[in-house]
Amino acid sequence: MSQADQFVAVTGASAEEAQGYLEASGGSLEMAISLFFDSGGAPGGDAAAGTGGGGGGDVGASSSAAARPPWANSTVWGPDTGALPASWMEQQLVFSDDPASHFGLVQPTNGPCGVLAALQAELFVSMWQTAGFSPASQVPDSALLDAIGRILLRCRPEESSPVKLATWAGDTRGTDVAVQDVQDPTQLTDKLSDMLPALKGAGGVVLLVYSAVLTRGVDLVRKDVLSDGGEPPLIAGPFALCSSELVSLLLRGSAGGNVAAYTDDEHPADWPGAAVGLLSWAEIDAGIPIANGLKFPSTPVWLMHGGDHFTVLFATSPVVDEPGATNTLHHWNGLPPAGPRLCTFELTAPNGGVRRAPEKHVKTFVKPKPGEIDDVVQAHTDDKKTRPKEFKTWRFEVVLAVDDPDVSDGGAGDGRAVPEPVFDLGEPVADAPWRCASCYAKRFQTMCFGQNDAGAVVCRHCDKPQREAGWSLWMAYDALPPSAQRRVERRYGPKILALLRTRWPAANADFPEPPPSV
């Protein structure tokens, strides 16, 4: 299957769109898919109309929201959802048939990855200390019952509250549900065992979500979501993806979506006692560390959130955080086109593990000085086409900082141990297009990126002479300072490595080709 075909299979986009995204990402399938989802792309047909992700459609489900309980429409799916998405209603709890990765749950279509990843991690918690456990271990029903039971028991608002088990009320899945209260926790395994065929069968993940929501209480779930600044529903968007609030409900029993070490008003926040951790691209985007409880869970297992997909990372023995230590890690991705795949690799961290986030948020923004690299704009198109996977051989367009009195350092000051190098523009390149550095510095206010045609000596956007406004430079990767190289690596290198470095800074991994996809 070609990269374009794989792109279409995951996103539902057209072949033409696939080609465009692949070209924009320098031939990286993973980056192309991320760009598609990050830009809000939606496939044609039913999914674009809000009926679901991964191709839309329904299996044994009513096409009318009126057939579902009102709380399911308002809190889980959203009021505009018609037939429940095939990505959810066809999903079964099926494990890999590869002898090396029997432990891994398989996900045919994008959508319920957050639920599957949370369940996979809970299975690890149930099994990792059993004799002989490895990624090749088969998952007995007893471990599955234990993992699901632990998730639901956590969702109880009080220890005296019952677990509420949801099953389909009629012959048609996806419509109304019957609810059974389990007051005595010692009876929960037996009750779950009775409904295990439904949980393992098509649409069983929906019953798990419903049971978690009902056990927590619909009103309390909505309160949880709103208290952390989120909004229902728990499953959202044209692709019917899991929200962080839904994953939070499964992992800790409440649906607050904040996974950071601080609240919006910069008070400390944490997930104390978490058995399952999380490494998230949100930390890289926002520059705010993930909560300590999620960075340092009590068992060596983490959900990996690359922005539009959840996968699972685990070790079969406690990780060592001493400087220079090497850990053997396993990454599981059950979703095509990059999966189902188990990737085992060695991770060496010369600086050891990351420090815990301090009680008070430390602002890290430093206002760049004139002449320092302010931004890496793009990679050279020719280099990407001729060497699509060798980003360390590419040239990059960079813009040097200009003095902007409207920008402050946010109170952080310049506490950098190693000062950034300052570059000189030299002479402008004659007869070549150029980018106005002054316009680019204000791009977020004006949405003007300062492009000028070859031969122009005055910026057509701000009317400044080129020598006054400044212009972008092209630099080879090896010529970039370390800070700019790290930016390039996050953008063009293996996404999983950037995520791993939020837990093990400066770490390197011996990934087999291709690197695992997150």
Side-chain angles (χ1 to χ4, degrees), residues 1 6 9-10 28-30 33-34 91-140 143-144 147 200 205 242 247 275-281 297 299-306 308-319 326-348 493-501 503-504 507-518:
M1 183 182 288
Q6 294 179 66
V10 172
S28 167
L29 177 62
E30 180 179 352
I33 292 172
S34 293
Q91 178 68 54
Q92 302 178 53
L93 297 185
V94 175
F95 294 90
S96 170
D97 58 6
D98 182 347
S101 58
H102 280 319
F103 177 66
L105 282 164
V106 175
Q107 179 186 352
T109 313
N110 199 22
C113 57
V115 174
L116 294 173
L119 181 56
Q120 184 81 74
E122 287 292 344
L123 285 168
F124 174 85
V125 174
S126 295
M127 296 179 61
W128 81 290
Q129 289 186 313
T130 58
F133 172 75
S134 77
S137 298
Q138 298 203 8
V139 178
L144 192 56
K200 294 172 73 172
V205 289
C242 296
V247 174
V276 175
L278 171 73
L279 304 180
S280 175
W281 199 260
T299 54
V301 59
W302 295 262
L303 269 61
M304 303 284 278
H305 188 212
D308 48 57
H309 184 42
F310 287 93
T311 56
V312 181
L313 176 79
F314 60 95
T316 55
S317 59
V319 297
T326 296
N327 289 288
T328 300
L329 299 175
H330 309 277
H331 177 263
W332 173 253
N333 178 15
L335 178 69
R341 184 191 180 198
L342 174 76
C343 182
T344 300
F345 58 92
E346 303 291 319
L347 183 86
T348 301
K495 201 170 186 178
I496 187 173
L497 185 58
L499 278 180
L500 291 167
R501 286 175 174 171
R503 175 62 176 79
W504 295 277
N508 289 298
D510 62 342
F511 299 125
E513 286 294 333
S517 174
V518 293

Item checked: V319 and R503: CA distance, side-chain angles, deciding distance, side chain to side chain contact (heavy atoms under 4.5 Å, CB included) verdict -> CA-CA 11 Å; V319 297; R503 175 62 176 79; 4.1 Å; yes

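For the pair S101 and R341, the minimum side-chain heavy-atom distance is 4.5 Å or more. Under the 4.5 Å side-chain criterion, counting only non-hydrogen atoms from C-beta, F345 is not in contact with P515. Looking at heavy atoms from C-beta onward, P300 lies out of side-chain contact with S317 at the 4.5 angstrom threshold. You'll find the side chain of Q91 reaches within 4.5 Å of the side chain of P108, heavy atoms only. Side-chain contact between L313 and L500 is present, with heavy atoms from C-beta onward closer than 4.5 Å. Side-chain contact between L93 and L116: present, with at least one pair of heavy atoms (C-beta onward) separated by less than 4.5 Å. Between L347 and W504, the closest side-chain pair of non-hydrogen atoms falls below 4.5 Å. Counting only heavy atoms from C-beta outward, the side chains of R501 and N508 approach each other to under 4.5 Å.
Scanning both residues, N333 and H309, for their nearest heavy atoms gives OD1-NE2, 2.9 Å. Minimum interatomic distance between S126 and A147 (heavy atoms only, all atoms of both residues): OG-N, 3.9 Å. For A275 against V301, the heavy-atom pair with the smallest separation is O-CG1, 3.9 Å. Across every non-hydrogen atom of V139 and L144, the tightest pair is CG1-N, 4.4 Å. Nearest heavy-atom pair, T311 versus S517, reported as atom, atom and distance to 0.1 Å: CG2-O, 3.9 Å. Looking at every heavy atom in both residues, S96 comes nearest to H102 through O-ND1, 2.9 Å.
Applying the ring pair (Phe, Tyr, Trp, His ring centres under 6.0 Å) criterion to F314, with sequence neighbours excluded, gives F103, F124, H330. In this view, W332 satisfies the ring pair (Phe, Tyr, Trp, His ring centres under 6.0 Å) rule with no residue, not counting sequence neighbours.
A donor-acceptor contact shorter than 3.5 Å is absent between the side chain of E346 and the backbone of D510. Side chain of N327 to main chain of L329: no donor-acceptor pair is present (N/O by atom type, distance under 3.5 Å, no hydrogens or angles).
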